[in-house]
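Here the structure is laid out as structure tokens; the discussion comes afterwards.
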Protein chains: 2
Amino acid sequence: MPKVTEDYRAERRREIAAAALRCFSRKGFEGTSMADIIAESGLSAGAIYLHYKNKQDLVGQVVVDVLRNRSADLADIAALDPLPHPAEVVRIFVTAVTRELGGEGILVQVWAIAAREPALADLVTGLVDELSGLFTTYFTAWFRQQGLDAAAAEERARRLVPVIIGISQGYVLQAAILPRFDAPAYLDALAAIDFTAGAPVL
Amino acid sequence: MPKVTEDYRAERRREIAAAALRCFSRKGFEGTSMADIIAESGLSAGAIYLHYKNKQDLVGQVVVDVLRNRSADLADIAALDPLPHPAEVVRIFVTAVTRELGGEGILVQVWAIAAREPALADLVTGLVDELSGLFTTYFTAWFRQQGLDAAAAEERARRLVPVIIGISQGYVLQAAILPRFDAPAYLDALAAIDFTAGAPVL
DNA sequence: GTCTATATCCAGATAGAC
DNA sequence: GTCTATCTGGATATAGAC
């Protein structure tokens, strides 16, 4: 394989992915047709099908790329000192996801397809596992700071993390659907919840 | 209008709605075609289009009916004595919704469409408002029982309710998508969270 | 590698007989 | 009110010229 070709291909794929993402932001996800992406990319049908096997392939790859970048952001949080409050961590996470995806609606479309397509469900599951690991690291540190010993902190973190992810998903969902959704109020409410209940007082 | 007709129409509509719901349980939501519903109902295309304007109309009505029944269940909770713990209330609610819809995936499909279709979004918004009212009633009672005065209890309930709804949505979402989702663990984790933080001790 | 043009398919919706 | 048969539109994917 010639050496120029590989870079060229990668560049083309990036262009196509970017165009697809712009379409998804505007017209939703199932609402975006291949014709839309073709027009937005400035390329042609034939060119795109050379780089992606089919629509699902294209969509899957675009989504994975974006979400992967987000979990990279989160990885830094666990290292911050002083450790931010859980509400702040959720805030950082959901605003990053929302900004990068250019609109909350896209994620909801991804979930809907994942609920029907095993292939995409596997993909999402992998990313959620990764996310869970990062959140668990953060919450273990947080609970230790609240006075729990290492084992108890990790145990508690592991149990809590699915709910934290649920709270984040709820935020995204409501932001996407409810016209009067009050994002700051949602995040403020989190700050008033004591996730450390039952932990020994310092 | 003849008196028989009205009942007859209602009965037909119930049949069609039931058939549609069975299809949604099996094949998902966008995966269900009018042809599927037609076959499942035993009726014909013409017959169905007489009762429903189009697919979106049918789908919307079926969904609203189901959700309406669920919020009726919830209405009773606020009257229980002793008042159950918040985690228990969420448990009752999500299990009822899940059971009635015959699979978590359906709700996710509804959300996805609501994120794109203003008509369905209005519908969902209305139901969420209704739900919010019920949850607010419950939480106001709960916080009063925890020692807050009436005004503070209602204020706190109002702020917390969106998050509670988010937690419920997260449950439904994860149940629909993640193959290794541990429902009891999710609900147990809720029991360990202190939603009353900051309230005066009794 | 890329384009244009098009084949193929399948969905939603309707017309008109009964 | 209900059925059968069909129209219409739009989407994905491909064929073949350049």
Side-chain angles (χ1 to χ4, degrees), chain A residues 1-24 26-63 109 112-113 116-117 119-120, chain B residues 1-24 26-63 106 109-110 112-113 116-117 119-120:
Chain A
M1 51 181 81
K3 60 180 68 164
V4 200
T5 309
E6 206 44 44
D7 282 1
Y8 186 79
R9 277 185 64 86
E11 182 53 34
R12 270 296 101 103
R13 286 175 66 94
R14 259 194 297 279
E15 282 177 25
I16 296 169
L21 205 52
R22 285 195 297 275
C23 289
F24 298 155
R26 276 203 302 271
K27 314 188 57 173
F29 194 79
E30 307 243 293
T32 298
S33 69
M34 288 302 278
D36 294 327
I37 298 173
I38 288 161
E40 177 73 26
S41 71
L43 294 176
S44 67
I48 285 180
Y49 277 95
L50 189 71
H51 292 282
Y52 293 93
K53 203 166 86 269
N54 53 37
K55 184 180 181 181
Q56 183 178 325
D57 178 38
L58 194 168
V59 161
Q61 305 231 9
V62 171
V63 171
Q109 311 301 319
I113 297 187
R116 283 188 292 118
E117 303 270 354
L120 202 58
Chain B
M1 49 180 83
K3 59 179 71 162
V4 202
T5 309
E6 207 43 46
D7 283 3
Y8 186 80
R9 279 184 64 85
E11 181 56 30
R12 271 298 99 105
R13 286 174 66 94
R14 260 193 298 277
E15 282 177 23
I16 295 169
L21 205 54
R22 285 194 298 274
C23 290
F24 297 156
R26 276 203 303 271
K27 314 188 56 174
F29 192 78
E30 307 244 291
T32 298
S33 68
M34 289 302 277
D36 293 328
I37 298 174
I38 289 161
E40 176 74 25
S41 72
L43 293 176
S44 67
I48 286 181
Y49 277 94
L50 189 71
H51 293 283
Y52 294 93
K53 200 163 89 272
N54 53 36
K55 185 183 182 181
Q56 184 179 323
D57 179 38
L58 194 168
V59 162
Q61 303 234 7
V62 170
V63 171
I106 295 170
Q109 311 302 318
V110 173
I113 298 186
R116 283 187 291 120
E117 302 271 354
L120 201 58

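So that the names make sense, note that chain A is the first sequence line, chain B the second, and so on, each numbered from 1.
Inter-residue side-chain proximity for V59(B) and Q109(B) is flagged as unmet; no heavy-atom pair is nearer than 4.5 Å. Side-chain contact check for L21(A) versus F24(A): some heavy-atom pair is nearer than 4.5 Å. Side-chain contact check for D7(A) versus E11(A): every heavy-atom pair is 4.5 Å or farther apart.
Rounded to whole Å, the distance from CD1 on I48(B) to P on dA11(C) is 15 Å. Put simply, CE on M34(B) is 20 Å from P on dT8(D), counting in whole angstrom units. The nearest whole Å value for the distance from the CD1 atom in I37(B) to the P atom in dA11(C) is 12 Å. One atom, NZ of K27(B), and another, P of dA11(C), lie 8 Å apart when rounded to the nearest Å. Put simply, CD1 on I38(B) is 11 Å from P on dT4(D), counting in whole angstrom units. N54(A) has its CG atom 16 Å from the C1' atom of dC9(C), to the nearest Å. Atom CG of D57(B) and atom C1' of dG12(C) are 14 Å apart (whole Å). Between D36(B) atom CG and dG12(C) atom C1' there is a gap of 13 Å when expressed in whole angstrom units.
Residue S44(A) places its side chain closer to dT4(C) than to any other of dT4(C), dG1(D), dC3(D). When distances are taken from the side chain of Y49(A) to each of dA5(C), dT12(D), dC3(C), the shortest belongs to dT12(D). Picking from dT2(C), dT2(D), dT14(D) the nucleotide with the shortest atom distance to the side chain of L50(A) gives dT2(C). Which of dT2(D), dA13(D), dC3(C) sits closest to the side chain of R12(B) comes down to dT2(D). Across dA13(C), dT2(C), dT2(D), the shortest atom-to-atom separation from the side chain of K55(B) is found for dA13(C).
Residue H51(A) places none of its side-chain N or O atoms closer than 4.0 Å to OP1 or OP2 of dG1(C). The phosphate of dT2(D) has OP1 or OP2 within less than 4.0 Å of a side-chain N or O from Y8(B).
The residue S33(B) sits close only to the backbone: its heavy atoms come under 4.0 Å of sugar-phosphate atoms, none of a base.
Scanning all heavy atoms of the two residues, the minimum distance from K55(A) to S33(A) falls at NZ-CA, 4.4 Å. The minimum heavy-atom distance linking R13(A) with Y52(A) is given by the pair O-OH, 3.3 Å.
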